[in-house]
Amino acid sequence: MNVVEISGVSKRFGSTTAVEGIELEIGEREFVSLIGPSGCGKSTLLRIIGDLIEPSGGKVVVNRKTARQARKDRDYGIVFQDPVLYDWRTVAKNVALPLEIARWPRQKRKVRVQKMLELVELTGFENHRPWQLSGGMQQRVSIARALSFDPALLLMDEPFGALDEMTRERLNMELLRIWAASGSTVVFVTHSISEAVFLSTQVVVMSPRPGRISEVVPIDLKQPRTATTREEPRFFELVTQVREALHLGHDLERAAPVITQQAEA
Amino acid sequence: MSSTAPVAVQPVPRGGLGKLVGHRLIDWLPAVIVLVGIVGLWQGLIVWLDVQQFLLPKPTAIASAFWTDKQELLHAGWYTFQEALGGFALGSGTAIVLAVVLARWRRLGAALMPYFIAANAIPIIAFAPITNQWFDGGLTKSSKIVIAAILCFFPVLVNTLRGLTSVRPQDLELMRSYAGGQTAIFRRVRIPNALPFIFTGLKVATVLAMIGAVVGEYFGGALNALGVLILARSRIFLFTQAWAGVFVACLFGLGLYIAVALVERIALRWMPSTSE
Ligand SMILES: Nc1ncnc2c1ncn2[C@@H]1O[C@H](COP(=O)(O)OP(=O)(O)O)[C@@H](O)[C@H]1O
Ligand SMILES: [Mg+2]
C-alpha cells in the first residue's frame with residue numbers, strides 16, 4: 001500500500017508556478033529524499049503533502065485519505081528547517097505538545113516523553129529551556145516531538161541544513177536508527193547529494209522553473225547504513241547518478257521548452 | 001550518542017525571591033548615587049538661590065512634614081491606593097479579556113479597533129468632574145475606580161492585542177500540523193507569546209491608575225483621600241505639606257509598579273533575557 005500518492009499536483013503563487021505536473025508515489029517504510037536547487041519547490045511539495053498549503057491543482061492521497069483528513073487524524077510529524085520550539089516550554093513540555101493536543105492522559109504522556117528523549121539521547125535535559133541547548137540538540141528535540149505520537153508519515157524540511165558537517169553526519173546516523181526503530185515513512189528535503197544518497201531508499205530529483213520531478217533514483221545500498229557506507233564504490237556511483245540527474249534538470253531548464261516536453265514524453 | 005558531549009549547556013536558572021528581586025546590592029549602587037545626587041542638588045540649589053518655600057520646598061522640609069503627619073498621610077495614601085488598585089484590576093482585566101475576543105474574532109477586531117485607537121487619544125482625565133457626578137456625587141471610591149480603570153484600559157488592550165497577534169508564522173504552522181484548534185492555539189501559543197507585551201501594558205497602567213485616582217479626587221472625594229488632602233493643603237498655602245502628600249502618592253504608585261514588575265519576573269522566567 002502506498003502511504004502517499006500524488007497525481008498532477010501543481011501550485012501557483014500569484015504569477016509564479018512553484019511546482020507543476022508532480023506525480024509521485026511513496027510506499028510504506030520508504031525513506032524518500034527530495035533534492036534540487038533552491039527555489040525548485042521542495043518545501044512547497046512537502047507542505048502540500050502535509051496540508052500546510054493547498055495545491056492549485058491535482059490530487060494528494062495520504063493513507064487512502066485526503067491530505068486534510070490525514071492532518072486532522074494527526075498522521076504527520078513535521079520537522080521544519082528551524083526547530084520551532086516554544087521558549088515558554090521546557091524541553092520535556094515541547095516534546096509533549098502534540099500529545100497534549102491529542103489529549104493523552106498525563107501519565108502516559110510522561111512515559112512517552114521520557115522514551116522519546118532517550119531515543120534522541122537528551123535524557124537529563126527535560127527541564128532545560130530550548131535556548132539553553134545547542135542547535136543540534138534543539139533539532140533533536142524537534143525530531144523527538146515529531147515522533148512522539150507515532151505519526152505514520154514524517155515530513156522533514158532540511159532539518160540539518162543549518163548544522164555543521166560533523167553534527168549533521170551524526171544526526172544522519174541517529175535519524176536512520178530512529179527510522180528503523182519507529183517504522184514510519186519519511187519524506188526528507190535536502191540540497192546535499194551525499195546526504196540524500198546516504199539516507200534514502202529513493203531520491204527524487206527536482207528541477208526549477210517550474211518545479212518538476214526530473215528523475216527518481218532508487219538507492220540500493222544495503223541496510224542498515226553505517227559509517228562505511230559512505231566509502232563504498234556503489235555509494236559514489238549513486239552520488240554521481242544523482243548529480244548527473246541534477247545537472248540534466250538544470251540543462252533542460254535552459255533549453256527550449258520544446259525539448260522539455262520531449263524529455264517528458 | 002555517548003561519544004558526543006552536550007555543547008554549551010547552561011544551568012537551569014533557579015533561585016528564590018532574592019534572585020528575582022534582582023541582583024546584589026552593589027548593582028543598585030549607581031542608581032542610589034544618582035538619587036542622593038539629585039536630592040542633594042535640589043537641597044543645595046534651594047539654599048543657594050534662596051527659593052521661596054511655596055515655589056519649591058527643600059527635600060528635608062518635605063521629609064519632616066511627612067514624618068510629622070505620617071499617620072494621616074499614609075492612611076490617605078492607602079485609601080487612594082485602594083481606588084487605584086480597583087481601577088487597575090477592573091481596567092486591565094477587561095482589556096485583556098476584550099483583547100482575546102478581538103484577536104479570536106478578527107472581523108470584530110478590525111471593526112472595533114479604529115474606535116479604540118481614536119478613544120485612546122481622548123484626554124480621559126478631563127471627564128473626571130463628570131464621572132464624579134455619575135457616582136454618588138463623587139464622594140465614594142466608585143468614580144475614581146472608573147476613571148483609573150478607563151485610563152488603564154487602553155495601554156493594556158493595545159499591548160495585549162499586539163502580543164496575541166505577533167506570533168511567528170511557523171509557531172502557528174506547527175499547531176496546524178497537529179490539528180490544534182483555536183483554543184489550543186490561544187492557550188499554548190498566543191497567550192504565552194503575549195505575556196511580555198501584557199506586562200509592558202500593565203506596568204504603564206500602574207502609573208496611570210495612581211494618576212487617575214489622585215486627579216479624580218482633586219474634583220471631589222472622601223475627606224480622607226490623598227488627592228483631597230493635597231488639594232486642601234495647597235489651598236491654605238501649606239505647600240510643604242502638600243508636597244509630602246505628592247511624595248506619598250509616588251510611594252504607593254512605585255509600590256504597585258514594583259509589585260507588577262516582580263510578578264513579571266516570576267511569570268516570564270522562561271525568557272532568555274530575564275534569567276540571564
Ligand atoms: N508563500 C509563498 N508565496 C509566494 N511565493 C512562494 C511562496 N512559497 C514559495 N514560493 C515560491 O515558490 C518557489 C518554490 O519555493 P520553495 O518550495 O520554497 O523552494 P525550495 O524549498 O526548493 O527552495 C520559489 O520560487 C518561491 O519563491
Ligand atoms: Mg525550502
Side-chain angles (χ1 to χ4, degrees), chain A residues 47 50-53 68-91 93-94 97-103 120-122 124-137 140 142 145-146 148-149 151 155 166-167 170-171 173-174 177, chain B residues 1-15 19-20 100 160 163-164 166-200 263-276:
Chain A
R47 274 157 202 277
D51 189 43
L52 294 176
I53 52 177
R68 164 135 319 160
Q69 193 54 47
R71 179 172 64 79
K72 294 257 158 81
D73 292 347
R74 304 196 170 98
D75 286 354
Y76 300 115
I78 303 187
V79 179
F80 298 92
Q81 184 159 5
D82 302 321
V84 196
L85 302 172
Y86 295 160
D87 272 342
W88 48 87
R89 289 178 163 246
T90 60
V91 165
K93 285 259 183 185
N94 267 289
L97 180 73
L99 307 180
E100 281 177 26
I101 294 171
R103 298 179 189 280
V120 297
E121 283 162 341
L122 280 175
F125 291 96
E126 291 82 359
N127 296 319
H128 281 63
R129 298 285 168 180
W131 47 269
Q132 293 175 307
L133 306 181
S134 69
M137 292 164 91
R140 266 149 55 205
S142 91
R145 180 184 57 194
S148 65
F149 55 106
L155 304 177
M166 277 177 49
T167 313
R170 204 185 67 236
L171 289 182
M173 292 303 299
E174 282 187 49
R177 186 171 54 77
Chain B
M1 184 193 29
S2 47
S3 58
T4 50
V7 208
V9 179
Q10 298 151 32
V12 182
R14 243 177 247 288
K19 174 97 194 280
L20 285 170
V100 170
T160 307
L164 289 170
S166 70
V167 174
R168 296 187 306 171
Q170 61 262 43
D171 288 347
L172 294 177
E173 207 162 49
L174 186 75
M175 293 301 281
R176 181 179 160 91
S177 79
Y178 299 138
Q182 283 297 328
T183 313
I185 289 173
F186 268 83
R187 194 172 137 205
R188 297 190 166 84
V189 182
R190 289 195 189 275
I191 290 173
N193 185 74
L195 276 183
F197 295 83
I198 293 176
F199 276 107
T200 302
V263 175
E264 179 186 30
R265 294 209 94 176
I266 295 167
L268 299 185
R269 248 177 315 185
W270 50 265
M271 282 187 78
S273 53
T274 50
S275 32
E276 282 148 83

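On a predicted model such as this, the values are computed, not experimentally measured, just so you know.
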Counting heavy-atom pairs closer than 4.5 Å to chain A, which one of B/Ala184, B/Gly180, B/Ser177, B/Gly181 comes out on top? B/Ser177

Can you check whether [X] reaches [Y] side chain to side chain, under 4.5 Å on heavy atoms?
{"X": "A/Val84", "Y": "B/Arg168", "answer": "yes"}
{"X": "A/Arg47", "Y": "B/Glu173", "answer": "yes"}
{"X": "B/Leu174", "Y": "A/Ile78", "answer": "no"}

Donor-acceptor contact below 3.5 Å, side chain [X] vs main chain [Y]:
{"X": "A/Trp131", "Y": "B/Trp270", "answer": "yes"}
{"X": "A/Trp88", "Y": "B/Arg269", "answer": "no"}
{"X": "A/Arg71", "Y": "B/Arg176", "answer": "yes"}

So what's closer than 4.5 Å to chain B heavy atoms on [X]: side chain, backbone, both or neither?
{"X": "A/Arg145", "value": "both"}
{"X": "A/Arg68", "value": "side chain"}
{"X": "A/Asp75", "value": "neither"}
{"X": "A/Leu85", "value": "backbone"}
{"X": "A/Arg74", "value": "side chain"}

Spatial distance of atom CG (A/Asp82) from atom CG (B/Asp171) [nearest 0.5 Å]: 10.0 Å

To the nearest 0.5 Å, what is the distance between CD on A/Glu100 and CZ on B/Arg188?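 Output value for this atom pair is 4.5 Å.
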
Could you tell me which residues in residues 190-199 of chain B have at least one non-hydrogen atom under 4.5 Å from a non-hydrogen atom of chain A, sorted by residue number?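 Counting heavy atoms that sit under 4.5 Å from chain A, the residues of residues 190-199 of chain B involved are B/Pro192, B/Asn193.
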
Looking at A/Asp87, A/Asp51, A/Leu52, A/Ile101, which one has more heavy-atom pairs under 4.5 Å with chain B than the rest? A/Leu52

Tell me if the aromatic rings of A/Tyr76 and B/Tyr178 count as close, with their centers under 6.0 Å from one another. no

Sort B/Arg187 into side chain, backbone, both or neither according to what part of it lies under 4.5 angstrom from a heavy atom of chain A. neither

